[in-house]
Amino acid sequence: MEFIQGLLQTPYGALSALLAVLVAGEAVAKLTKGFVPMALLVTLLLVALFWTGVFPPNIVEAVGITAVLFALVSALLVANLGTLINRKEMAAQWRTVLIALMGIVAIIAICLTIGAAVFGWNNAVAAAPPLTGAAIATAMVRTAAEAAGNQQALVIAIVCMALQGIIGYPLTALCLRKEAQALCAAYKNGTLKAPAAQDANAGKAQKASSTNLILLKLGLIAVVAYLLQLATAAIGFSISMYVWAMLLGFLAHELGFLETDCLTKANAYGLCITIIMLYLFGGLAGNDMNTILSAFGVSGALVVMSAAGMAAMAFAASKIFKRSFWISYAIILNAFLGFPINVILVNEALDINTGDPEERAAVSSELMPPMLVGSFVCVTIVSVIIAGVLVNYIR
């Protein structure tokens, strides 16, 4: 046992052990088709390993993943998120954008009114950003909670991220299957047609950049974002550099300065996500059982309350925009799952309900675009902005 403990204090042993936990979470999520979220299993495993003393409290630090590295990687990731937004697709899906925004309003309203009244302001503020967009928003809350010395808020943010999939995955799967059934019926009676074939060579090919050049561009955007955060702080209200990084990433992409999903093209996206996840889950170390159990109770209640509020908003949106309740709710539920889980669930609905390739293409053309745009709105854009605002109120 002493040998294992000593090994876990080395960067090699610590990294291998943490990655083994992440891989176990991925495997279970894949076997259960997402109904047991990876984040939930990883949270439970790490809590058990920390409590039993198998993992030392400083195991994440032993790998070399510090707050400074986290802040740097987060800035690069958020700037990259800005490049994923397709302006033309967003314009074509303007109803989807508004429906997704209505869902976000429901989450914020539930958390900051009923949630704050029942569970306290700090807990509600810590829960709201993760419920609108998972990892990056959660990471921003963790940083603010640590700065404020509020361990309870930190744990609630992580647990909300872990629990939201339990509600989000099955509900989204149900909505997509119901919508796919309706679309298949429309295809069979002739009211839904297969989309026209597109020219595979359409559009401009983007020039490939070297890894170092891409990282330099993202680094420069992070520098400007940091300076803008300082400038806004100087006038009395600090806007997080992550908000600026995302907006600057979008602008740089529109101007052709950054390629679409450039961090992936630099072969660095996967590593950045792994660093973020390890840093986030490292926040579970050193918490006592009462803190963890309390966080699960508060987070679980807020997730359920938010899902109910999102359902009510989806019903309203379906009436306003003349779309079915099922697709409206599925769009809104992107806040609880996002890409690539939303794509996986769309494909599952297509596998279950469609027959020939033409029918699948017709139904997919109605399901996939709103789910992708809904994910961009909730997870990529709004959650970062909301987190950038609300973290100022964590005490």
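Nothing here was measured: the structure is a model prediction, and the numbers come from that model.
Smallest separation of non-hydrogen atoms from Ala24 and Leu45: CB-CD1, 4.3 Å. In terms of heavy atoms, Ser328 sits closest to Ala317 at OG-C, 4.4 Å. In terms of heavy-atom proximity, Asn353 sits nearest to Cys184 at O-SG, 3.4 Å. Nearest heavy-atom pair across Ser364 and Pro369 is O-CD, 3.5 Å. When all heavy atoms of Asp356 and Glu358 are compared, the closest pair comes out as OD1-N, 3.0 Å. Nearest heavy atom pair, residue Ala127 against residue Leu302, reads CB-CD1, 3.5 Å.
Taking the side chain to side chain contact (heavy atoms under 4.5 Å, CB included) definition, one finds that Leu228 meets it with Val224, Trp244, Leu248, sequence neighbours left out. For Lys178, the side chain to side chain contact (heavy atoms under 4.5 Å, CB included) test picks out Leu174, Gln181, Trp326, with sequence neighbours left out. Glu366 is linked by a salt bridge (charged side-chain N to carboxylate O under 4.0 Å, His left out) to nothing, counting only residues two or more places apart in sequence or in another chain. Here Asp351 pairs with Arg360 under the side chain to side chain contact (heavy atoms under 4.5 Å, CB included) rule; sequence neighbours left out. Remark: Ala144 engages Val391, Ile394 in a side chain to side chain contact (heavy atoms under 4.5 Å, CB included) (not counting sequence neighbours). By the salt bridge (charged side-chain N to carboxylate O under 4.0 Å, His left out) test, Glu146 is found to be paired with Arg142, residues two or more places apart in sequence or in another chain being considered. Under the ring pair (Phe, Tyr, Trp, His ring centres under 6.0 Å) criterion, Tyr329 pairs with Phe325, not counting sequence neighbours.
At least one side-chain heavy atom of Leu263 sits less than 4.5 Å from a side-chain heavy atom of Cys272. Here the side chains of Leu213 and Ser210 are in contact, with some heavy-atom distance below 4.5 Å. The shortest side-chain heavy-atom distance between Glu26 and Val42 does not fall under the 4.5 Å cut-off. Using a 4.5 Å heavy-atom cutoff, the side chains of Leu46 and Leu18 are in contact. Taking the side chain as every heavy atom from C-beta outward, Met305 and Val118 never approach each other to under 4.5 Å. Taking 4.5 Å as the limit, every side-chain heavy atom of Ile275 sits out of range of all side-chain heavy atoms of Phe70. Two residues are said to be in side-chain contact when any heavy atoms from C-beta on lie closer than 4.5 Å; Cys378 and Ser383 fail this criterion. Side-chain contact between Asn334 and Val377 is absent, with no heavy atoms from C-beta onward closer than 4.5 Å.
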Working for side-chain contact (heavy atoms from CB on, under 4.5 Å), residues Ile104 and Met310: CA-CA 8 Å; Ile104 297 297; Met310 293 157 74; over 6 Å; no
Residue pair Leu218, Leu258: steps toward the side-chain contact (heavy atoms from CB on, under 4.5 Å) verdict: CA-CA 8 Å; Leu218 291 172; Leu258 283 178; 3.9 Å; yes
Check against side-chain contact (heavy atoms from CB on, under 4.5 Å), Leu112 and Leu390: CA-CA 10 Å; Leu112 300 188; Leu390 290 183; 4.2 Å; yes
Stepwise side-chain contact (heavy atoms from CB on, under 4.5 Å) check, Glu259 with Lys217: CA-CA 10 Å; Glu259 300 92 331; Lys217 293 176 182 179; 4.2 Å; yes
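In this structure, Ile158 CD1 and Thr138 OG1 are separated by 8.0 Å, a value rounded to the nearest 0.5 Å. A distance of 9.5 Å separates CG in Leu15 from OG1 in Thr10, rounded to the nearest 0.5 Å. With rounding to the nearest 0.5 Å, the separation of CD1 in Ile156 from CE in Met161 is 14.0 Å. Taken to the nearest 0.5 Å, the CD1 atom of Ile108 stands 8.5 Å off from the CG atom of Leu131. From Met241, atom CE reaches atom OG of Ser74 across 9.0 Å, with rounding to the nearest 0.5 Å. Note that CZ of Phe336 is 8.5 Å distant from SG of Cys160, once rounded to the nearest 0.5 Å.
One N or O on the side chain of Lys265 and one on the backbone of Thr260 form a donor-acceptor pair closer than 3.5 Å. A distance-only check finds no donor-acceptor pair linking the side chain of Asn123 to the backbone of Val298 [under 3.5 Å]. A distance-only check finds no donor-acceptor pair linking the side chain of Thr83 to the backbone of Gly249 [under 3.5 Å]. Looking at Thr354, its side chain does come within 3.5 Å of a backbone N or O of Leu350 through a donor-acceptor pair. Panel note: side chain Asn150, backbone Ala145; no donor-acceptor pair is recorded below 3.5 Å. Of the possible polar contacts, one joining the Thr143 side chain to the Ala139 backbone as a donor-acceptor pair under 3.5 Å is found. Between the side chain of Asn122 and the backbone N or O of Arg395, at least one donor-acceptor pair lies under 3.5 Å. In terms of modelled atom types and a separation under 3.5 Å, the side chain of Ser16 and the main chain of Gly13 share no donor-acceptor contact.
Side-chain contact check for Asn189 and Thr191: at least one donor-acceptor pair (N or O, by modelled atom type) lies under 3.5 Å. With hydrogens and angles left out, the side-chain atoms of Gln229 and Tyr242 include no donor and acceptor closer than 3.5 Å.
Transitive grouping of hydrophobic side chains (ILVMFWY, heavy atoms separated by less than 4.5 Å) keeps Tyr269 and Leu216 in distinct clusters. Tyr226 and Ile235 fall into different hydrophobic clusters, where Ile, Leu, Val, Met, Phe, Trp and Tyr side chains are chained together by heavy-atom contacts under 4.5 Å. Linking ILVMFWY residues whenever their side-chain heavy atoms come closer than 4.5 Å, directly or via other members, leaves Phe250 and Leu220 in distinct clusters. Residues Ile320 and Val373 share a single hydrophobic cluster, defined by chaining ILVMFWY side chains whose heavy atoms lie under 4.5 Å apart. Follow the hydrophobic side-chain contacts under 4.5 Å out from Leu251 and you never reach Leu247; the two are in separate clusters.
Listed by first and then second residue, the ring-ring contact (aromatic ring centres under 6.0 Å, His included) pairs that reach into residues 295-324 come to none, sequence neighbours excluded. Identified under the side-chain hydrogen bond (donor to acceptor under 3.5 Å, both in side chains) test for residues 53-71, with sequence neighbours left out: Gln9-Asn58. Sorted by first and then second residue, the side-chain hydrogen bond (donor to acceptor under 3.5 Å, both in side chains) pairs involving residues 95-107 (not counting sequence neighbours) are Gln93-Thr96, Thr96-Arg323.
Grouping Ile, Leu, Val, Met, Phe, Trp and Tyr by side-chain contacts under 4.5 Å, direct or through others, leaves Val68 on its own. Under a 4.5 Å side-chain heavy-atom criterion applied to ILVMFWY residues, the cluster that includes Tyr12 comprises that residue alone.
Around the CZ atom of Phe257, the shell of radius 6.0 Å holds more than 12 heavy atoms that belong to other residues, nucleotides or ligands.
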